[in-house]
Number of protein chains: 2
Amino acid sequence: MNDRRSAHVRTGAGVPAYRRIATALWEQIQSGELAPGARLPNEAELAARFGVTRLTLRQAVIELQRLGAVEIRRGVGTFVMSPPDLVEIVASVPSLRQESDATADAFDEQALHRSARPVRTVDELILGSGAATGPLADEASAHLGVPAERLHRLDTVMVRDGRRWIANSYWFDERWAAVDGLVAEHALVVRAFADGLGLQLGYLWRAFSAIGADFDDAETLGVPTGTALLVRDGVSADDTGRPVFYVRRRLRGDEAKFVLRYDTEPMRVEG
Amino acid sequence: MNDRRSAHVRTGAGVPAYRRIATALWEQIQSGELAPGARLPNEAELAARFGVTRLTLRQAVIELQRLGAVEIRRGVGTFVMSPPDLVEIVASVPSLRQESDATADAFDEQALHRSARPVRTVDELILGSGAATGPLADEASAHLGVPAERLHRLDTVMVRDGRRWIANSYWFDERWAAVDGLVAEHALVVRAFADGLGLQLGYLWRAFSAIGADFDDAETLGVPTGTALLVRDGVSADDTGRPVFYVRRRLRGDEAKFVLRYDTEPMRVEG
DNA sequence: AAGTGGTCTAGACCACAAA
DNA sequence: TTGTGGTCTAGACCACTTG
């Protein structure tokens, strides 16, 4: 990434062996010496080549895995990752009024940038539902103005073209708990709210952050614990502006990005 | 997080010891039994308590570190992390025209949500500059419509209240390479462009994604390799709409979040 | 000086995927 | 069946922080 800052103290003394190895392999990958899709020698051989134990060698490889530089497949081998095939979820600014939610975006031909693997289908499956508990329940309660005791929680996963894509958690007033039964019919939770319950939904706010995958998200998305996830949370409201639900989505950073396009003349930067 | 999916096969047989231990500690943290700021017993004692080697115990603790559940301080101990003190960088939609860049936002009292530790100062320091190379140079070239040979690259770090905050990389036509010398005077790169070179800057687009910290970002931001980083990249243009620079910012997911507020009546969701 | 985490070894056995 | 990665041990020594 920061190409000019390559020649570091990293190669000098005092640098742990696993770090030295990871850096060496990483630079081979960056330079293209190890091309995307290439298979690395097995761990025993790499360990011998670098003069360390397999455990130490593994520490280096796992670090590369966390960087997204390699993919480790048990029983098969370790491979250099290809550049991510990002699905771009696009919204226009200031014409956001005509934009849909990311969920609906996924079906919108125009909202998704054509990638090597175009999006064809998106379904949303319920993983669990019930009374809201835990620290985020209080946050949801504050966002919605609904007491935590009255909050209902819905956990889902969006499946894109047969692949688990986005882990979602919704919080809303228990009086809308009936949506649970409508999701299968309408494929997506937001549509269950809109078409099933007849609510006209819109945004109050959206926010972006990043976290490491916890145990549940890792299992849901099929990634190693700690993998960098993009978090997009927000509150949707009905046409009177009253909050309906708080939603928190988690997706792999290398599988999608959210794009805001400013289609009109550019805006001035203050100061 | 997903509270209802707690009782897993995780505790059964076939589950690695380090995972079992990590889960056990994690649940103690989630339940508040291990309160934020609390110090864990040292590794030797924990290892004995769980009946494993110190190395195995460490594997569990490191996994918790990647989750952001604990902070490991060498020579001191391991502590339960406090809930993140997120700085909220707020933009209003559709009134985005009056919004400034994140850099300028950092100085805007209204744009930053009051957190426990309010933002007082933001400076931007140059880490390096020169000809643009590497894979991202091609991307920048495409975004700007400038040949890669003519691209200049500028690496900086924004320092908030004395703490390294955001790692930035800028790419732009070499004819603006003079900004390098203006950054110190104007504190921020965007201001060096605006006030130093007299360019009226605005957005063409912004995008959000997430990655694991690579070796350079980890060193720049003082975090472990692989830490989840929020990436915000985009292209800024002058008042004629011609692209000026492509910028890619990386920041810790637990230190800031970008918020888009829809201040007017809510928007309809399609479909 | 004492206590804590950081790194490493040599060897073993297990779990999974592909042939 | 073979080859690959996944987990674990018992012990050692090093590096950092604090008193």
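Hydrogens, waters and symmetry mates are skipped; everything else that's a heavy atom, side chains included, is used. Letters A, B, ... are given to chains in the order of the sequence lines, protein chains preceding strands, and every chain is numbered from 1.
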Of the nucleotides [options], which one has an atom closest to the side chain of [X]?
{"X": "A:V76", "options": "C:dT7, D:dT7, C:dA17", "answer": "C:dA17"}
{"X": "B:R39", "options": "D:dG5, C:dC8, C:dT4", "answer": "C:dT4"}
{"X": "B:R74", "options": "D:dT18, D:dA15, C:dT9", "answer": "D:dA15"}

Give [X] one of three labels, base, sugar-phosphate or nothing, depending on what nucleic acid heavy atoms sit under 4.0 Å from its own.
{"X": "A:R58", "value": "base"}
{"X": "A:A44", "value": "nothing"}
{"X": "A:V61", "value": "nothing"}

With nearest nucleotide decided by heavy atoms, which residue, A:G75 or A:R54, maps closer to the 5′ end of DNA chain D?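 In this pair, the answer is A:G75.
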Output yes when at least one side-chain N/O atom of [X] is less than 4.0 Å from OP1 or OP2 of [N], else no.
{"X": "B:T56", "N": "D:dT7", "result": "no"}
{"X": "A:T78", "N": "D:dT4", "result": "no"}
{"X": "A:T53", "N": "C:dG11", "result": "no"}
{"X": "A:Y18", "N": "C:dC8", "result": "no"}
{"X": "A:N42", "N": "D:dG3", "result": "no"}

Basic-acidic side-chain contact under 4.0 Å: B:R248, B:E139: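 Answer for the salt bridge query: no.
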Scan the side chains in residues 38-52 of chain A for donor-acceptor partners under 3.5 Å anywhere in the protein, sequence neighbours excluded, and list what turns up.
from: A:R39; atom 1: NH2; to: A:V76; atom 2: O; distance (Å): 3.4
from: A:N42; atom 1: OD1; to: A:A44; atom 2: N; distance (Å): 3.1
from: A:N42; atom 1: OD1; to: A:E45; atom 2: N; distance (Å): 2.9
from: A:E43; atom 1: OE1; to: A:R54; atom 2: NE; distance (Å): 3.0
from: A:E43; atom 1: OE1; to: A:R54; atom 2: NH2; distance (Å): 3.1
from: A:E43; atom 1: OE2; to: A:R58; atom 2: NH1; distance (Å): 3.0
from: A:E45; atom 1: OE2; to: A:R49; atom 2: NH2; distance (Å): 2.7

Nucleotide [N], atom [atom2] - distance to [atom1] of [X] in whole Å:
{"X": "B:Q65", "N": "C:dG5", "atom1": "CD", "atom2": "P", "value": "12 Å"}
{"X": "B:E63", "N": "D:dG6", "atom1": "CD", "atom2": "C1'", "value": "13 Å"}
{"X": "A:I21", "N": "C:dC8", "atom1": "CD1", "atom2": "C1'", "value": "11 Å"}

More 5' along DNA chain C: A:G51 or B:I62, using each one's nearest nucleotide?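 The 5'-side residue here is B:I62.
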How would you list, by chain and number, every residue that makes a side chain to side chain donor-acceptor pair (under 3.5 Å) with B:T156, sequence neighbours excluded?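 With sequence neighbours excluded, B:T156 shows a side chain to side chain donor-acceptor pair (under 3.5 Å) to B:E124, B:N168, given in chain and number order.
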Distance from A:K257 atom NZ to B:F208 atom CZ, nearest 0.5 Å?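 Rounded to the nearest 0.5 Å, the NZ-CZ separation comes out at 11.0 Å.
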Describe, in one word, how the ring planes of B:W171 and B:Y246 are oriented to each other, choosing from parallel (under 30°), tilted (30 to 60°) and perpendicular (over 60°).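 Aromatic pair B:W171/B:Y246 classed tilted.
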